[in-house]
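Here the structure comes first, spelled out in C-alpha cells, and everything after it is commentary.
Positions are given from 1, in the same order as the sequence printed here.
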Amino acid sequence: MGGFFLKRVYEPYDESDGSRILVDRLWPRGISKDAAKLTAWQKDIAPTPELRKWFCHKPELFEEFRTKYIEELHTDVQKLKIIEELKIMASEGMVTLLYGAKDPIYNHAIVLQEELNRMINEVKA
C-alpha cells in the first residue's frame with residue numbers, strides 16, 4: 001500500500017511522486033498542464049466555494065475550517081466517490097496530492113491528506 005503525500009504543484013515533477021492528483025478547485029496560476037504532469041484533476045474533492053471563501057487561508061480560522069471540511073468529506077456524495085477512487089489508487093502505490101496554496105500548513109490539502117491517511121489506516125487495523 002502506498003499512502004498519500006503532499007506537494008505544491010509548483011515543485012518539480014519527480015518519478016517517485018507516483019500518481020499526481022491536483023486537489024484544488026481552481027487551476028493554479030502560472031503552471032501549464034504539461035508542467036503539472038497530472039494523473040488526474042479532482043477539483044470536486046476540494047472544499048466548496050463557500051467554505052473556501054469563508055476560510056480565505058486565515059490561520060485563526062483553520063481549526064474551524066478543518067472541522068467543516070471534514071464534515072464535507074464525510075457527507076458529500078461526490079467527495080465520497082472520489083475518496084474511494086483515491087483509496088484504490090493508494091492501494092496500488094504512492095499518491096501525491098498536489099495543491100497550489102502558498103501556505104504549506106494552513107490549507108485544505110493538509111486536512112485531506114490527514115483524513116485519507118486516517119481512513120486507510122483504519123482499514124488496516
Original post:
Ion pair present between Lys81 and Glu84, side-chain N to carboxylate O less than 4.0 angstrom?
Top reply: no

**OP:** Decide whether Leu38 and Ile31 are clustered together by the hydrophobic rule: side chain heavy atoms of Ile, Leu, Val, Met, Phe, Trp, Tyr closer than 4.5 Å, transitively.
**Re:** yes

**OP:** For the pair Lys79 (side chain) and Asp44 (backbone), establish whether a donor and an acceptor sit closer than 3.5 Å, ignoring hydrogens and angles.
**Re:** yes

**OP:** Take Leu51 and Glu72, measure what side chain to side chain contact (heavy atoms under 4.5 Å, CB included) needs, and give me the verdict at the end.
**Re:** CA-CA 10 Å; Leu51 182 57; Glu72 285 186 2; 3.5 Å; yes

Original post:
How long is the gap from CD on Glu11 to CG on Leu6, to the nearest 0.5 Å?
Top reply: 9.5 Å

Subject >> SB check Asp24 Lys43 (cutoff 4.0 Å) >> reply: no

Original post:
Which distance, rounded to the nearest 0.5 Å, do you find between the CG of Asn121 and the CE of Met119?
Top reply: 11.5 Å

Listed pairs under 3.5 Å, donor-acceptor, residues 98-107 side chains, sequence neighbours left out:
residue: Asp103; atom: OD1; partner: Ile105; partner atom: N; Å: 2.7
residue: Asp103; atom: OD1; partner: Tyr106; partner atom: N; Å: 3.0
residue: Asn107; atom: OD1; partner: Ala109; partner atom: N; Å: 2.8
residue: Asn107; atom: OD1; partner: Ile110; partner atom: N; Å: 3.1
residue: Asn107; atom: ND2; partner: Asp103; partner atom: O; Å: 2.7

**OP:** Start with the C-alpha gap between Phe4 and Leu86, add the side-chain angles, then the distance that decides, and say whether side chain to side chain contact (heavy atoms under 4.5 Å, CB included) holds.
**Re:** CA-CA 9 Å; Phe4 297 97; Leu86 293 173; 3.8 Å; yes

Original post:
With no hydrogens and no angle check, is any side-chain donor or acceptor of Arg20 less than 3.5 Å from a backbone partner on Val95?
Top reply: no

**OP:** Taking all non-hydrogen atoms of both residues into account, name the closest pair between Tyr69 and Ile45 and its distance.
**Re:** OH-O, 2.5 Å

Original post:
Are Ile21 and Leu112 in one and the same hydrophobic cluster, where Ile, Leu, Val, Met, Phe, Trp and Tyr link if side-chain heavy atoms are under 4.5 Å apart?
Top reply: yes

Original post:
Parallel, tilted or perpendicular for Phe62 and Phe55, by the 30°/60° rule?
Top reply: tilted

Original post:
Just how far is it from atom OG1 of Thr48 to atom NZ of Lys68, taken to the nearest 0.5 Å?
Top reply: 9.5 Å

Subject >> Cluster overlap Tyr10 with Tyr13, hydrophobic side-chain contacts below 4.5 Å >> reply: no

Original post:
Nearest 0.5 Å, what's the CG-CG distance between Leu97 and Leu116?
Top reply: 6.0 Å

Subject >> side-chain hydrogen bond (donor to acceptor under 3.5 Å, both in side chains) contacts in which one or both residues fall within residues 31-40, not counting sequence neighbours >> reply: none

Subject >> From Met94 atom CE to Asp14 atom CG, the distance as rounded to the nearest 0.5 Å >> reply: 8.5 Å

**OP:** Identify whether Leu73 and Leu61 are in the same connected component of the hydrophobic contact network (ILVMFWY, side-chain heavy atoms under 4.5 Å).
**Re:** yes

**OP:** Locate the shortest heavy-atom distance separating Leu26 from Trp41; write the atom from each residue and the value.
**Re:** C-CZ2, 4.0 Å

Subject >> Smallest separation among heavy atoms of Leu80 and Thr75, with atom names >> reply: CD1-C, 4.4 Å

Original post:
If every non-hydrogen atom of Pro28 is compared with every non-hydrogen atom of Val9, which pair is closest and at what distance?
Top reply: CG-CG1, 3.5 Å

Subject >> Glu115/Arg118 ion pair, N-O < 4.0 Å >> reply: yes

**OP:** Please report the closest heavy-atom contact between Phe5 and Gln113, naming both atoms and the distance.
**Re:** CA-NE2, 3.7 Å

Original post:
Looking only at atom types and distance, does a side-chain atom of Arg52 sit under 3.5 Å from a main-chain N or O of Pro47, one as donor and one as acceptor?
Top reply: no

